[in-house]
Amino acid sequence: MTDDLDARARELDRTHVFHSWLAQANLDLPVVAGGSGSVVWDHAGHRMLDFSSQLVNVNIGHQHPAVVAAIQEQAGRLATIGPATAHLARGEAAARILGKAPEGFAKVFFTNGGADAIENAIRMARLHTARDTVLSTYRSYHGNTGAAIVATGDWRRMPNQYARGHVHFFGPYLYRSEFWATTPEEEGARALRHLERMIQSEGPETIAAVLLESVPGTAGILIPPPGYLAGVRALCDRYGIVLILDEVMAGFGRTGRWFAFEGHDVVPDLITFAKGVNSGYVPVGGVIISAAIAATFDERVFPGGLTYSGHPLAAASIVAAIDAMESEGIVDHAAAIGESDIGPGLRALAERHDVIGEVRGEGVFWALEFVTDRQTREPVPAAFIGRLKGELVARGLLPFVAENRVHVVPPCVVTADEVGQAMEIYEDALTAVAAG
Ligand code: PLP
């Protein structure tokens, strides 16, 4: 019977479901029927260690009872309500989020996810500065929207025709430096000089915002060198540019801090969030807005909105998730397990496998970068990663892979025992791939 359910799930998926970011013809996706903490299982009870946190969002782990209960309770009381209402859970969620932000932040605008958080942060920066251009890095991911408001026919289209004005630059990435740098200090200083030259060349008076992931995630978990983010802040101040830090993937515990930018001596003007804020139990994201930018819209209409902005189920789940992460010390746990278990485990793996070119990360946010040769640092071909992924899944580990990398990104609640099991699986899978 349970096997039937797995087969049925697979068959319905293959027949009717159109999937994100994939060619549809030859998919064979794992069936997941349930989960708890860092483990998921299918209908037949086959367990898998979730070292992807799905799309790096299940920070609190699967099925945290307090978050599930909060959603159930809220659903019983009021399952939906429009955004133009004062709703207690929405206000509590905003207050909880602002409680984690640095001083000087005043308001939270809720969205349905990360991409629309970015859209709205850019919109705010453009209206606040009366400038147009947005600078962001080549190595980044900020989401998958853009055309809907421009396609819109009514007045809301006019102030939002922003499918223009995006300029890209290189951020720091010492392992594959664009700047011939050999130390983190050199990489940071040269990346800042490059950014300043970009700003000057584009015309500082035209630039509304610099948009950066505090730690670029999908692009490779690229922790900025010391001083880089503070240097970007100084450039933004010098030229009157809004600094937007995208914390959608890196925020809410992933790095072992509530926000990844903490410890980098930087305070942005706008912070985007999603994923870890409620671990995706209900889709939600948003923008945390500084007092100065919030004031821009005190008397002026903000030309943006969503039917589900501050949805009660999402709001209730945020309150419960932040409270549980706080009371259970989950963010501190993520920092500690990264230092004591994940980092040392991955470095030991690299000592045994030359194909690992670099290990980098912090908290529960780590990347293994695979190369054919440690001298040339040539990335392994896609087929290598495909085979490695197959070996990992076959041994009961759900991995996150991107280009020539495996990202080791379990929930923040992962235990030392689970990390130990995962390290054995990475070891065995790499040995199997090497054996050919
Ligand atoms: N920003 C960052 C840094 C992300 O990693 C992502 C998604 O992976 C997004 C934005 C987009 O978020 P969503 O998929 O919720 O729209």
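Model, not experiment: these values are computed from the prediction. Hydrogens, waters and symmetry mates play no part in the numbers below; they use all other heavy atoms, side chains included. Order of appearance sets the numbers: ligands from 1, and atoms from 1 within every ligand.
Between E326 and R96 there is no salt bridge, since no side-chain nitrogen of the basic residue lies less than 4.0 Å from a carboxylate oxygen of the acidic one.
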For residues 224-236, please give each side-chain donor-acceptor pair under 3.5 Å, one per line with the distance, not counting sequence neighbours.
from : atom 1 : to   : atom 2 : distance (Å)
R233 : NE     : D237 : OD1    : 3.3
R233 : NH1    : V267 : O      : 2.8
R233 : NH1    : D269 : OD1    : 3.3
R233 : NH1    : D269 : OD2    : 3.2
R233 : NH2    : D237 : OD1    : 2.9
R233 : NH2    : D269 : OD2    : 3.0

For residues 167-175, dump all side-chain donor-acceptor pairs below 3.5 Å to protein atoms at least two apart in sequence or in another chain.
from : atom 1 : to   : atom 2 : distance (Å)
H168 : NE2    : S136 : OG     : 3.4
Y173 : OH     : E369 : OE1    : 2.8
Y173 : OH     : E369 : OE2    : 3.2

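In this pair, W21 and Y141 present their aromatic rings perpendicular. The plane angle is above 60°, beyond the 30 to 60° band.
Within 4.0 Å of ligand 1, heavy atoms belong to protein residues G113, G114, A115, Y141, H142, G143, E213, D246, V248, M249, K275.
For the 3.5 Å distance criterion, the side chains of H128 and T296 qualify, holding a donor opposite an acceptor.
With sequence neighbours left out, the salt bridge (charged side-chain N to carboxylate O under 4.0 Å, His left out) criterion links R387 to no other residue.
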